[in-house]
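Inspection log for the structure reproduced underneath, given as structure tokens.
Chain A is the first sequence line, chain B the second, and so forth, proteins listed ahead of strands; every chain is numbered from 1. The structure presented is a predicted model; accordingly, all values stated were derived computationally and were not measured.
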2 protein chains.
Amino acid sequence: MSARRGAQIYDVLRETRPLVLNSARVVEAALRDDRVSVGMRAVLEVLAGAGTLTVPGIAQRLDLARQGVQRHVDDLGELGLVAVRANPAHRRSLLVHLTDTGTALFRRIHDDELARLDQLAADCTDDEITAAVKVLRALNREVRG
Amino acid sequence: MSARRGAQIYDVLRETRPLVLNSARVVEAALRDDRVSVGMRAVLEVLAGAGTLTVPGIAQRLDLARQGVQRHVDDLGELGLVAVRANPAHRRSLLVHLTDTGTALFRRIHDDELARLDQLAADCTDDEITAAVKVLRALNREVRG
């Protein structure tokens, strides 16, 4: 325990907001040709990981408002990237899942992202990046409003 | 260069957004008694670091809309935490600076924050936290929209 440590953790937190803003812009620019927004991409990613979810389930995982997620799901449905079916457990809450086109598009988008990310932070070692992930996860577990 | 490294950097980025959202909530809860919002606190911090700035200067540093910053400055002015004076270089753009009350309040707020942050990530070493700052700074330099 030292004031210096608190200040160091503060430095970690201070870097996060600009990184979120800047990386969202880069992701957005990369998605433009696919007519997919950052929010729509986030929904694709959650569904790629979880399989099938309700709109409130997606909203909770993304910390986004339910209405915003519903709009993303509608937009993705128009592009044929997701489809919905009835929820046997809850009549008013439909189940959303990726279509084959949606699965293939997210895989391509994500492979492109990883290839670009692979080029970043060349002056940092793998161990330093591993440490960064560990620290950020610890802070995420402990920092709750 | 390996696909694994790209995936590791992706893990770093994925932790940032929830951390920004959660830490903003914690900061906000801590500020409630002082009638200061997270945005107002950010303006206090920028002024504590830079001394005197115009509203557009604050907005640029915080990556916030100018109108939002103007509102924060007005609210801070009502609490007596900032004051404005004429800008000799530009008649329409006033210079904003902290009052003595504002300086003292930000110092107290920030000392409290550092004391709380000091308790976090107890399972991470100082070296790991230093590595996290280094990685996040490298990514912030390189990730631009």
So, A:Lys134 and B:Glu15, do they make that salt bridge, N to O below 4.0 Å?
no

Is B:Ala29 in contact with chain A via its backbone, its side chain, both, or neither, using a 4.5 Å heavy-atom distance?
neither

Where does B:Leu21 contact chain A at under 4.5 Å (heavy atoms): side chain, backbone, both or neither?
side chain

List the steps and the verdict of side-chain contact (heavy atoms from CB on, under 4.5 Å) for A:Leu53 and A:Leu95.
CA-CA 5 Å; A:Leu53 288 168; A:Leu95 290 170; over 6 Å; no

Residues in side chain to side chain donor-acceptor pair (under 3.5 Å) with B:Thr130, at least two apart?
A:Gln8

Count the heavy-atom pairs under 4.5 Å between each of B:Asp123, B:Leu19, B:Thr16, B:Thr125 and chain A, then report the option with the highest count.
B:Leu19

Counting heavy-atom pairs under 4.5 Å with chain A, the top scorer among B:Asp63, B:Val133, B:Asp111 is B:Asp63

Examine whether an atom of B:Leu13 lies under 4.5 Å from a heavy atom of chain A, and if so say whether it belongs to the side chain, the backbone or both; otherwise answer neither.
side chain

Salt-bridged, B:Asp11 to A:Arg137, with N to O below 4.0 Å?
yes

Given A:Arg116, A:Glu45, A:Arg14, the one with more heavy-atom pairs under 4.5 angstrom with chain B than any other is A:Glu45

Would one find more than 12 heavy atoms of other residues, nucleotides or ligands at under 6.0 Å from atom CZ of B:Arg108?
yes

One option among B:Ala131, B:Ala132, B:Ala121, B:Ala138 has the most heavy-atom pairs under 4.5 Å with chain A, and it is B:Ala121

Of A:Ile129, A:Leu139, A:Asp127, A:Val12, the largest count of non-hydrogen pairs under 4.5 angstrom with chain B goes to A:Ile129

Select one option (side chain, backbone, both, neither) describing which atoms of A:Glu28 are under 4.5 Å from chain B's heavy atoms.
neither

Contact between A:Thr54 and A:Leu94 at the side-chain level, heavy atoms closer than 4.5 Å - yes or no?
no

Indicate yes or no for a side-chain donor-acceptor contact from B:Asn22 to the backbone of B:Pro18 under 3.5 Å, with no hydrogens or angles considered.
yes

Where does B:Arg141 contact chain A at under 4.5 Å (heavy atoms): side chain, backbone, both or neither?
side chain

